[in-house]
Amino acid sequence: MSSHCPACDSVEFQLLFTASDRLYHTTSKKFQVVECKRCRMLQLTPQPTPSELETYYPKNYWYTLETSAASRLEEIYRRLVLRDHVRFVERAVRESAVSGPVLDVGCGGGLFLRMLQDRGFRVMGLDFSHEAAHVAWSLNHAPATCATLEAAPFPPLSCAAVTMFHVLEHLYDPRTYLQAAHELLRPGGRLIVQVPNAACWQFRLLGASWNGVDVPRHLYGFRPEDLDRMLDSCGFEMLRRKYFSWRDNPAGLATSLAPSLDPMARRIRRSKEGPSTRLVKDLLYGALVLAALPFTALEAACRAGSTIMIEARKKTA
Ligand SMILES: [Zn+2]
């Protein structure tokens, strides 16, 4: 894999730190996180090959499918914390006054699409994972396809909005997705993107322990200006930026501080836990998420939250 900067084409980088898969332990291989000397965008090096990268995504990474009482509670929680994603998209589409479906790229199990559908939106989903697309359809009744965005079977100029939550940082070439989204959007249509914010306080304080770097699954790290530049060069005009997400910011700090308590990491690492250990760890993690709330709210209020969600408008030439 070449390691030129996809934002500015520079080939000169500066080493920030060396790390391995701290969260899911899928590999013991070490990677470097480097910063582009010209534009400062972060990237992982060496970039894993596609077959290598696949092994870094645990089988149940994209969605969870359980029917226990605990997972029903989990769904209630996930719906609750997804509400600000839904509201953000709802406002973007309403203000655009463009009609057409909303396409969620990287839709996972489709809960977000279902919530949009419940509010009267036409939706479509897209995911790398066949199983995720299947779950989105069978469980959440969201029409979903397994494909990459540039090969997705949708006609150009057909979408009112394209959403990509935590997608760009996983791609070898984020620009191809932005360009493909540009082609799919109707004039004035909206692109909504969320990525970890590499300019957040958590990264400054925790460095390699910040879960937003997520070695080796995150191939790039964006600061707000990196995202602005890339969007602008792909034909988008920035309209709105938000630094707080109920789903991602407090839980992200909790996971950074105690990765071994993260419920998903425990599931993926198949930690051997009896029911009481499991309950204690869940409660501890929940307490940590609550304790993380004031700090994550403060950093977001100072425009240095650990995620960035943006609304951008397709520019018409
Ligand atoms: Zn660069």
Side-chain angles (χ1 to χ4, degrees), residues 1-7 13-36 39-58 61-62 105-106 108 127-129 132 148-149 164-178 193-227 229-231 243 245 247-249 251-257 259 262 264-265 268-269 304-310:
M1 288 290 141
S2 74
S3 61
H4 69 105
C5 171
F13 298 94
Q14 170 184 334
L15 174 66
L16 293 188
F17 55 84
T18 301
S20 189
D21 184 356
R22 181 172 179 267
L23 190 55
Y24 301 140
H25 301 175
T26 58
T27 179
S28 52
K29 189 172 165 179
K30 299 269 186 214
F31 294 86
Q32 296 183 332
V33 172
V34 298
E35 184 181 81
C36 171
C39 78
R40 296 191 66 215
M41 192 163 102
L42 306 185
Q43 80 167 257
L44 184 76
T45 183
Q47 296 238 315
T49 62
S51 58
E52 208 185 330
L53 193 56
E54 223 181 289
T55 66
Y56 302 151
Y57 289 104
Y61 178 83
W62 301 108
V105 180
D127 207 282
F128 282 147
S129 154
T148 61
L149 186 58
M164 298 183 195
F165 301 116
H166 294 278
V167 170
L168 292 183
E169 67 273 25
H170 294 269
L171 304 172
Y172 288 112
D173 185 1
R175 295 174 53 94
T176 56
Y177 263 45
L178 296 177
V193 168
Q194 189 190 24
V195 291
N197 176 15
C200 67
W201 290 356
Q202 287 181 48
F203 187 37
R204 277 188 228 169
L205 293 169
L206 303 169
S209 304
W210 175 49
N211 88 318
V213 289
D214 201 20
V215 172
R217 285 163 293 276
H218 289 182
L219 305 182
Y220 299 103
F222 302 91
R223 298 185 174 89
E225 55 272 28
D226 302 324
L227 198 57
R229 234 188 333 262
M230 200 176 269
L231 285 163
Y243 292 92
S245 151
R247 181 187 68 176
D248 303 302
N249 293 29
L253 179 53
T255 297
S256 301
L257 295 173
D262 179 280
M264 174 116 137
I268 284 167
R269 293 188 206 166
S306 56
T307 57
I308 330 168
M309 199 185 294
I310 63 96

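All values below were derived from every heavy atom in this structure, side-chain atoms included, with hydrogens, water molecules and symmetry-related copies excluded. Please read all numbers here as calculations on a predicted model, not as lab measurements. For this chain, numbers begin at 1 and follow the sequence in order.
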### Query
Looking only at atom types and distance, does a side-chain atom of T18 sit under 3.5 Å from a main-chain N or O of Q32, one as donor and one as acceptor?
no

### Query
Minimum heavy-atom separation for P6 to M41, with atom names?
CG-CE, 3.6 Å

#### Entry: Min side-chain heavy-atom separation L253-S306 under 4.5 Å
no

### Message
Working to the nearest 0.5 angstrom, can you tell me the gap between F222 CZ and R229 CZ?
### Response
11.5 Å

#### Entry: Shortest non-hydrogen separation from R22 to R269 and the atoms involved
O-NH2, 3.5 Å

### Query
Between T27 and D21, does a side chain to side chain donor-acceptor pair (under 3.5 Å) hold up when you go through it step by step?
CA-CA 6 Å; T27 179; D21 184 356; over 6 Å; no

### Task
Can you label the angle between the F203 ring and the F17 ring as parallel, tilted or perpendicular, going by 30° and 60°?
perpendicular

### Side-chain donor/acceptor of T55 to backbone N/O of E52, under 3.5 Å
yes

### Message
Is the shortest side-chain heavy-atom distance between L16 and V213 below 4.5 Å?
### Response
no

### Query
Are Q194 and S245 close enough that some pair of their side-chain heavy atoms sits under 4.5 Å apart?
yes

### Any side-chain heavy-atom pair of R223 and L42 under 4.5 Å
yes

### Message
Is it the case that the ring center of H170 lies less than 6.0 angstrom away from the ring center of F128?
### Response
no

### Task
Would you name the heavy atoms of D127 and G108 that are closest together and state the gap between them?
OD2-N, 2.7 Å

### Message
Please find the pair of heavy atoms, one from P196 and one from W210, that lie closest to each other, and give the distance.
### Response
CB-CH2, 3.7 Å

### Task
Please examine the side chains of F165 and D248, heavy atoms only from C-beta on, and report whether any two atoms are closer than 4.5 Å.
no

### Task
Quick one: do L206 and L257 satisfy side-chain contact (heavy atoms from CB on, under 4.5 Å)? Show the steps, please.
CA-CA 9 Å; L206 303 169; L257 295 173; 4.1 Å; yes

### Summary
Heavy-atom nearest pair, T26 first then P58, reads CG2-CG, 4.1 Å

### Query
Are T255 and M264 close enough that some pair of their side-chain heavy atoms sits under 4.5 Å apart?
no

### Query
If you measure from CG on D173 to CG on L168, what distance do you get to the nearest 0.5 Å?
10.5 Å

### Query
Rounded to the nearest 0.5 Å, what separation is found between the CD atom of Q43 and the OH atom of Y220?
5.0 Å

### Message
Nearest 0.5 angstrom please: D226 CG to C5 SG, how far?
### Response
8.0 Å

### Query
With distance as the sole test, does D214 use its side chain to make a donor-acceptor pair with the main-chain N or O of R217 at under 3.5 Å?
no

### Message
Donor-acceptor check, side chain of N197 to backbone of I308, threshold 3.5 angstrom: yes or no?
### Response
no

### Query
Is Y243 close to P224 at the side-chain level, that is, under 4.5 Å between some pair of heavy atoms?
yes

### Message
Quick one, V195 and T307 - any side-chain contact, counting heavy atoms below 4.5 Å?
### Response
no

### Summary
Interatomic distance, NE2@H218 vs CG@N211, rounded to 0.5 Å, equals 8.0 Å

### Query
Distance-only, no hydrogens or angles: does the S209 side chain make a donor-acceptor pair with backbone N or O of S256 under 3.5 Å?
no

## Note on the structure
Between C36 and F13, the two heavy atoms sitting closest are CA-CD2, 3.5 Å

### Message
Working to the nearest 0.5 angstrom, can you tell me the gap between Y57 OH and S129 OG?
### Response
12.0 Å

